[in-house]
Amino acid sequence: MSLIITDDCINCDVCEPECPNAAISQGEEIYVIDPNLCTQCVGHYDEPQCQQVCPVDCIPLDENHVESHDELMQKYLIITGKA
Ligand code: SF4
Ligand code: SF4
């Protein structure tokens, strides 16, 4: 499943450049994650990179976008043009 940024976000901009899928962008008030691009970093890293760097720990899993590891890998292959 993708991750989601909660309103605890302090707009520090640390996570955006760390995302290998360019899934993170500045939203109207806080940073947002595009669920169509977030693979939980599957295909790139063992751990979600945004979670690793967020200083306020405000990027939980998005329960509204449940996906299996295989589905995330398939998304990664499509995004990167390897499918
Ligand atoms: S988990 Fe990975 S792919 Fe998803 S938003 Fe965070 S850094 Fe990007
Ligand atoms: S690292 Fe955390 S606090 Fe900083 S912009 Fe990203 S989600 Fe917001």
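Both ligands and their constituent atoms are indexed starting at 1 by order of listing. Scope of the values below: all heavy atoms of this structure, side chains included, with no hydrogens, waters or symmetry mates.
Using a 4.0 Å cut-off to heavy atoms of C19, the atoms of ligand 1 that qualify are 3 (S), 5 (S), 7 (S), 8 (Fe). In the vicinity of I33, heavy-atom distances shorter than 4.0 Å reach the ligand 1 atoms 5 (S). Numbered from 1 in the order shown, with element, the atoms of ligand 2 that lie under 4.0 Å from a heavy atom of D13 read 4 (Fe), 5 (S). In the vicinity of N21, heavy-atom distances shorter than 4.0 Å reach the ligand 1 atoms 3 (S). Atoms of ligand 1 lying under 4.0 Å from any heavy atom of I24, numbered from 1 in the order shown and given with element: 5 (S). For ligand 1 and T39, the ligand atoms under 4.0 Å from any heavy atom of the residue are 3 (S). Within ligand 1, the atoms closer than 4.0 Å to a non-hydrogen atom of P48 are 1 (S), numbered from 1 in the order shown.
For the residue pair K75 and C38, the shortest heavy atom distance occurs at NZ-O, 2.7 Å. Across every non-hydrogen atom of V32 and I5, the tightest pair is N-CD1, 4.0 Å.
For the atom pair T39 OG1 and H69 NE2, the distance stands at 9.0 Å (nearest 0.5 Å). For the atom pair CG of N64 and CD1 of I4, the computed distance is 7.0 Å after rounding to the nearest 0.5 Å. Going from atom SG of C9 over to atom CD1 of I24 covers 9.5 Å, rounded to the nearest 0.5 Å.
Y76 pairs with exactly one of K82, E71, Q40 by the side chain to side chain donor-acceptor pair (under 3.5 Å) rule, that one being K82.
For the pair T6 and P60, the minimum side-chain heavy-atom distance is below 4.5 Å. A heavy-atom distance below 4.5 Å is found between the side chains of T80 and H44.
For atom 2 (Fe) of ligand 1, the closest heavy atom belonging to the protein is C41 SG, 2.2 Å. Counting protein heavy atoms only, atom 4 (Fe) of ligand 1 is closest to C38 SG, 2.3 Å.
Residues forming a side chain to side chain donor-acceptor pair (under 3.5 Å) with D13 (at least two apart in sequence, or on another chain): Y31.
Around atom 2 (Fe) of ligand 2, the protein atoms of type N, O or S that sit closer than 2.8 Å are C54 SG.
Other residues, nucleotides and ligands place no more than 12 heavy atoms under 6.0 Å from the CG atom of D46.
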